[in-house]
There are 2 protein chains.
Amino acid sequence: MSGRTAAVQARADSVRNRRLLLRAATEAFAECGVDVSMHTIAQRAGVAKGTVFRHFPTKDDLLAAIMMQLLDRLFETADRLLRADDAGRALKDFMGHGIGLLAADRAFCDVIGKPSLQHADVREAIDRLCDTVEDLTARAREQGAVRGDITGTDIVLLLGGIHQTARPLLDREPQAWERFLEIAFDGLRARGRPALPHPPPAQLRMADPSGVSAPTKT
Amino acid sequence: MSGRTAAVQARADSVRNRRLLLRAATEAFAECGVDVSMHTIAQRAGVAKGTVFRHFPTKDDLLAAIMMQLLDRLFETADRLLRADDAGRALKDFMGHGIGLLAADRAFCDVIGKPSLQHADVREAIDRLCDTVEDLTARAREQGAVRGDITGTDIVLLLGGIHQTARPLLDREPQAWERFLEIAFDGLRARGRPALPHPPPAQLRMADPSGVSAPTKT
DNA sequence: CGAGAAGATGACCGGGGGGTCATGTTGTGC
DNA sequence: GCACAACATGACCCCCCGGTCATCTTCTCG
């Protein structure tokens, strides 16, 4: 380890291409969703297809690298809002943030939507995020901002649902989700209403329980 | 036209295969969504791929034929509920019906989700359905069952959204959507709340305004 | 500047999609 | 029962996907 630069020095054009690639992939995934082709991404980055696979062995690796950025940013937001005074406001702000991300990135919707075929990193990041949302929700519940039988999993699920509600309007009215977030949040308050007809959903766990991440020493 | 049977008599095995095909396609689309392959559908029907294309020139034709069945049934339900006394209850029942259909048929979700690349029949059927939902909603609004600034388009959009909310739980808890329908409906009531932050969405029109269906004589 | 290694390239592969068509098969009217 | 039209079949076409690799280019270090 020779101080600043690592032992193996990356070539200048390599790091340049990697940057171009990440930028192009971020944009392409956001616009087109996970089904955008590697060829398209390569074109938008101005490199050949082989170069993409040199930097990211599989499409999943590339997708995971980009999703991790999004998830990390969202996690930071959630973690910061955990320190807010008004827990109800914080929860609603977080939901707005999450829905905004979903509206701006089709690939993010796709990844959140189907838990299959994803990198372990991504799955764990989602789980961490869910944990933080659970805390956010618990605080809102204690402060009476939402009814007592609402869980963090409800909130996580509602993120995708509210975005989906406003999705057909995305082109013409990009802010329409605010309307449906308000409706949903009014439903979450709903003081004096009878108990909800279905029990609270079990917590979503993306990382499979086979002990991939947490070595339980068995 | 020679009474019961048409001038050109269809062969017995042909109508048999057509029936098998429609059954298989209905099931396959419901289970796998619109991306299920024509080969798969042919296999499940017990016929060769060419036979599928003999009965339905393109995949879109087959999909449209099956979606029309669903839409017609849903339209009948909506039309019947229009005659109910309790308009709020009727609206909620209709939403439950629609969400149940979405939960049971992946292709239905896909078709409703993306308005592009669809048959004109399907688009018109969806528009007709939207009109009826508008009526259902107007009655509920007049009876005070939902707040005054809720439109039929809100309801249509919420159908997809509520289903999407419960979708990750579909395998383990197929009825979970009831919970989120209750939350959303509480939000739709929400007496004494401030006005919603975003104006009511414009009515969704699937049939393009180029005058394909309604000859506006221009 | 020269040598060598790291990187970039795009033709190529196997798989799977929707759709076609020459050929073989079968139901039907006379 | 015969002849013919309607029908069924599956090999085939073209396209696009993710991924590979022999070949060529370019950066870097001495």
Side-chain angles (χ1 to χ4, degrees), chain A residues 2-25 28-29 32-66 106-107 110-111 114 116-119, chain B residues 2-25 28-29 31-66 106-107 110-111 116-119:
Chain A
S2 57
R4 170 71 55 96
T5 55
V8 278
Q9 182 76 290
R11 255 168 60 169
D13 57 341
S14 178
V15 305
R16 188 189 57 111
N17 278 341
R18 190 181 193 87
R19 247 191 281 268
L20 288 173
L21 213 44
L22 280 170
R23 272 180 33 136
F29 275 130
C32 316
V34 297
D35 284 337
V36 69
S37 77
M38 292 296 260
H39 178 75
T40 301
I41 294 175
Q43 270 188 325
R44 293 177 68 145
V47 301
K49 205 170 60 159
T51 305
V52 188
F53 285 99
R54 163 169 291 272
H55 288 274
F56 301 92
T58 73
K59 186 180 182 179
D60 257 25
D61 292 324
L62 175 55
L63 180 61
I66 284 160
R106 300 182 72 89
D110 296 342
V111 167
K114 41 182 133 171
S116 57
L117 41 98
Q118 282 168 35
H119 261 233
Chain B
S2 58
R4 171 71 54 95
T5 53
V8 276
Q9 181 78 291
R11 255 169 58 168
D13 56 342
S14 177
V15 306
R16 190 189 56 113
N17 279 341
R18 190 182 193 87
R19 246 191 281 268
L20 288 173
L21 214 43
L22 281 171
R23 272 181 33 138
F29 276 130
E31 288 174 26
C32 316
V34 298
D35 284 337
V36 69
S37 76
M38 292 296 260
H39 179 75
T40 301
I41 293 175
Q43 270 187 324
R44 294 177 67 145
V47 302
K49 206 169 62 158
T51 304
V52 187
F53 285 98
R54 164 170 290 271
H55 288 273
F56 301 93
T58 73
K59 187 181 181 178
D60 256 26
D61 291 325
L62 175 54
L63 180 61
I66 284 160
R106 301 182 71 90
D110 296 341
V111 167
S116 57
L117 41 100
Q118 280 167 38
H119 261 231

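Below, read A as the first sequence line, B as the second, and so on, with proteins coming before strands; counting in each chain starts at 1.
Summarising the geometry, the separation between NE2 on A:His39 and P on C:dA11 is reported as 11 Å, rounded to the nearest angstrom. C:dG17 atom C1' lies 12 Å from atom CD1 of B:Ile41, rounded to whole Å. Rounded to an integer number of Å, the gap from NZ of B:Lys59 to P of C:dG16 is 15 Å.
No donor-acceptor pair under 3.5 Å is formed between the side chain of A:Lys59 and the backbone N or O of A:Ser37.
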Got a list of side-chain donor-acceptor pairs under 3.5 Å for residues 42-58 of chain B, not counting sequence neighbours?
from	atom 1	to	atom 2	distance (Å)
B:Arg44	NH1	B:Glu31	OE1	3.3
B:Arg44	NH2	B:Glu31	OE1	3.4
B:Arg44	NH2	B:Glu31	OE2	3.0
B:His55	ND1	B:Arg18	NH1	3.2
B:Thr58	OG1	B:Asp60	N	3.3
B:Thr58	OG1	B:Asp61	N	3.2
B:Thr58	OG1	B:Asp61	OD2	3.2

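Within the structure, a side-chain polar atom (N or O) of B:Ser37 is placed less than 4.0 Å from OP1 or OP2 of C:dG17.
In this view, B:Arg19 and B:Val15 satisfy the side-chain contact (heavy atoms from CB on, under 4.5 Å) rule, not counting sequence neighbours. Checked against side-chain contact (heavy atoms from CB on, under 4.5 Å), A:Arg11 has the following partners two or more places apart in sequence or in another chain: A:Asp13, A:Ser14.
Near-neighbour residues of DNA chain C inside residues 43-55 of chain A, defined by a heavy atom below 4.0 Å, number-ordered: A:Val47, A:Ala48, A:Gly50, A:Thr51, A:Arg54, A:His55. Looking at residues 15-25 of chain B, you'll see B:Asn17 sit with a heavy atom under 4.0 Å from some atom of DNA chain D.
How far CG of A:Leu20 is from CD1 of A:Ile41: 13.5 Å, rounded to the nearest 0.5 Å.
The shortest side-chain heavy-atom distance between A:Phe29 and A:Asp110 does not fall under the 4.5 Å cut-off.
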Kindly give the atom pairs (protein nitrogen or oxygen, nucleotide nitrogen or oxygen) under 3.5 Å for nucleotides 26-30 of chain C.
from	atom 1	to	atom 2	distance (Å)
C:dT26	O2	B:Arg11	NH1	3.1
C:dT26	O2	B:Arg11	NH2	3.4
C:dT28	OP1	B:Ala12	N	3.1

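Protein chain A contacts DNA chain D over a range whose 5' and 3' limits, counting nucleotides with an atom under 4.0 angstrom from a non-hydrogen atom, are D:dC17 to D:dT28.
Comparing the helix axis at one end of the helix from C:dC1-D:dG30 to C:dC30-D:dG1 with that at the other, each defined from 5 consecutive pairs, gives an inter-axis angle of 0° (nearest 10°).
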